[in-house]
Amino acid sequence: VLGEALNKALKKLTRGVVDEKLIKEIVKDIQRALIAADVNIELVFQLSKNIEKRAFEEKLPKGVSRKEHIIRIVYDELTKILGEKHEQIYLNPSESTVLLMVGIQGSGKTTTTGKLARFFQKRGFKVGIVCSDTWRPGAYHQLQQYCSPHNIEVFGDPDEKDAIKLAKEGVKYFRKKKYDVIIVDTAGRHKEEKGLIEEMKKISKAVNPNEVILVIDGTIGQQAMPQAKAFSEATPVGSIIVTKLDGSAKGGGALSSAAMTKAKIKFIGEGEKIDDLEEFDPKKFVSRLLG
Amino acid sequence: KTITEKDIDSILSDLELILLQNDVSLKVTEEIKEILKKKISGKKINLLENKRAFIKNALKEAIREILSSEKIDLIERIKAKKPFVIMFVGFNGTGKTTTIAKLGNILKKKGFSVVFSASDTFRAGSIEQLEKHAQNVGIRVIKHRYGGDPAAVAFDAIEHAKARNIDVVMIDTAGRSEMNKNLIEEVKKVKRIAKPDLTIFVADALAGNSIVEQAEKFSDVGIDCSVLTKIDADARGGGALSIIFVTGKPVLYVGTGQGYDDLKEFDPELILKNIF
Ligand SMILES: Nc1nc2c(ncn2[C@@H]2O[C@H](COP(=O)(O)OP(=O)(O)OP(=O)(O)O)[C@@H](O)[C@H]2O)c(=O)[nH]1
Ligand SMILES: Nc1nc2c(ncn2[C@@H]2O[C@H](COP(=O)(O)OP(=O)(O)OP(=O)(O)O)[C@@H](O)[C@H]2O)c(=O)[nH]1
Ligand SMILES: [Mg+2]
Ligand SMILES: [Mg+2]
């Protein structure tokens, strides 16, 4: 009984030593930074609740300031979502690996398809690209012009109106040639376009991809999470690529999407050229996110 | 009873959240809050009035005022000058090329003759994309080769319009990052040569806080109004408030889809409906 009373008193004492006001202030600053970085508001509140709880409950390590300790907690909470280190796209050693690129209009799918193909080509793999975008004018030409300087073959047919047929034929074509990696580019779509979401499901069923890659515009705001949810419910997302981080955006939308889909961000795009693709580094991403 | 700063702070804290969830940027949300505080703190309301309702309504009116400032009558402006030159600028993938096709289609239906200038000489497939759109809506494209000078294409298109007595020239430019000083300089040069009568900033309604930086940097180029695209993607449209607040210029249209009829005149009530 004495032990319990002493325990309670000790708890109160340590609580008294902890500067409640300072912790709350620091957490409020972190909240603002995450919101300004486009992290989903609900996720920001969830995160700051966890961060505040840990800041109060965890013992302050020797030689570390209160602020540094909280920053470490923030990094820890964010890497729970993003992963500790770069994760590779898994390539099947015994047959062609099919990657399906999906995402919202203008997010950078076509450009990223070319970049990813180049990435694997540089590492000695034979890569083929299938253009199954039957909606956007000039889609095939865009891929063709972007990739031909590097002798990356693009399968497509600007006159074909059936995206599923095109995707199927293209994958079949490159499988026959025993290519290592086959990347299928698709038309942009969002969650309100039920017909296009259905088309995406059908394309995925037809080509049976090893991985569905969600391409996310680095500038996306609060709609990132609901959109990622809808994409993942239609075709389970295996990995994420965030584009346009050479703009002023911090990429909080991509973080929110990763949290929602449990998929890992594997690459980031920082420019329009075919070599502007970097392997994802969680630490770098978080430090940029927090400014 | 009196509206105190404390009242405003506590009631605005959850209204603030709603603005943020509707993609109004953090910076603009905080500035609007400060403006509102200056306007209504110390105000007296009668004992039967509800403080929360009063403050909420004051916020709604402040936002309505920002969204409804300065209107542009595009048709009247086009009728007053020939050829009327419109230049489109903006960040990568926001919908510039598609918006040009939509607006060209609208103007053609209203009886104006239009020509497009394929001044995106950089991006793969940009010329084919514009050409196909132009073919679909029955408009001619003036183009050079990839890698050519965007300003030279614009100059050619304007000369062509003068010679053929064409009403409107619409200049498509390459998407660019607001953080790339060289690209911002490039588009300033196109503007110097083309001397557009209207410069339109095209932004993505799905964009978050970076829309403010985009609006500021492109505002530096000199813009007259904006178009906010992809509203149909369940975008809440708070970006319109951020853009108008930061640029002081109106939003002319919103993009509501990928078809040629999917360009609607901006209606502030659309945004207010989402927020309130
Ligand atoms: N600044 C910058 N621009 C990029 C990046 N990735 C792609 N872009 C540009 O973004 C624009 C849109 O890219 P696309 O590849 O056409 O996008 P998409 O998702 O295929 O578009 P849809 O097929 O219409 O849905 C183009 O101007 C690209 O050059 C990037 O990392 N940084
Ligand atoms: N759902 C929807 N899609 C749109 C809208 N406006 C444009 N898009 C789509 O967004 C994608 C990009 O449009 P573009 O017109 O190529 O954009 P851009 O700004 O010219 O792109 P860059 O020149 O590469 O910078 C295309 O797939 C368009 O069909 C809109 O209002 N709603
Ligand atoms: Mg594309
Ligand atoms: Mg374009």
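Hydrogens, waters and symmetry mates play no part in the numbers below; they use all other heavy atoms, side chains included.
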- Item | Option in B/G175, B/A207, B/G239, B/A233 with maximal non-hydrogen atom pairs under 4.5 Å from chain A | B/A233

- Message: Does any backbone or side-chain atom of A/I41 lie under 4.5 Å from a heavy atom of chain B? Answer side chain, backbone, both or neither.
- Response: side chain

- Honestly, the part of A/L143 sitting under 4.5 Å from a heavy atom of chain B is neither

- Query: Is it the case that more than 12 heavy atoms not belonging to A/K284 sit under 6.0 Å from its NZ atom?
  - Reply: no

May I have a table of the donor-acceptor pairs connecting chain A and chain B at distances under 3.5 Å?
| unit_1 | atom_1 | unit_2 | atom_2 | d |
| --- | --- | --- | --- | --- |
| A/R32 | NE | B/E30 | OE2 | 2.9 |
| A/R32 | NH2 | B/E30 | OE1 | 2.6 |
| A/R32 | NH2 | B/E30 | OE2 | 2.9 |
| A/I35 | O | B/N209 | ND2 | 3.1 |
| A/D38 | OD1 | B/N209 | N | 2.7 |
| A/D38 | OD1 | B/N209 | ND2 | 2.9 |
| A/Q105 | O | B/K230 | NZ | 2.9 |
| A/Q105 | NE2 | B/Q258 | OE1 | 2.2 |
| A/R136 | NH2 | B/Q129 | OE1 | 3.4 |
| A/Q145 | OE1 | B/G125 | N | 2.8 |
| A/Q145 | OE1 | B/Y146 | OH | 3.4 |
| A/Q145 | NE2 | B/E128 | OE1 | 3.3 |
| A/Q145 | NE2 | B/E128 | OE2 | 3.0 |
| A/H190 | NE2 | B/D232 | OD2 | 2.8 |
| A/K191 | NZ | B/D234 | OD2 | 2.7 |
| A/T219 | O | B/G208 | N | 2.8 |
| A/G221 | N | B/L206 | O | 2.8 |
| A/Q222 | N | B/D23 | OD1 | 2.9 |
| A/Q227 | NE2 | B/A233 | O | 3.0 |
| A/K244 | NZ | B/N92 | O | 3.0 |
| A/D246 | O | B/S177 | OG | 3.1 |
| A/S248 | N | B/E178 | OE2 | 3.1 |
| A/S248 | OG | B/E178 | OE2 | 2.6 |
| A/E272 | OE1 | B/N92 | ND2 | 3.1 |
| A/E272 | OE2 | B/N92 | ND2 | 3.1 |

- What option among B/G93, B/G257, B/G238, B/G95 has the most heavy-atom pairs under 4.5 Å with chain A? B/G93

- Item | chain A contact via B/L130 - side chain, backbone, both or neither, heavy atoms under 4.5 Å | neither

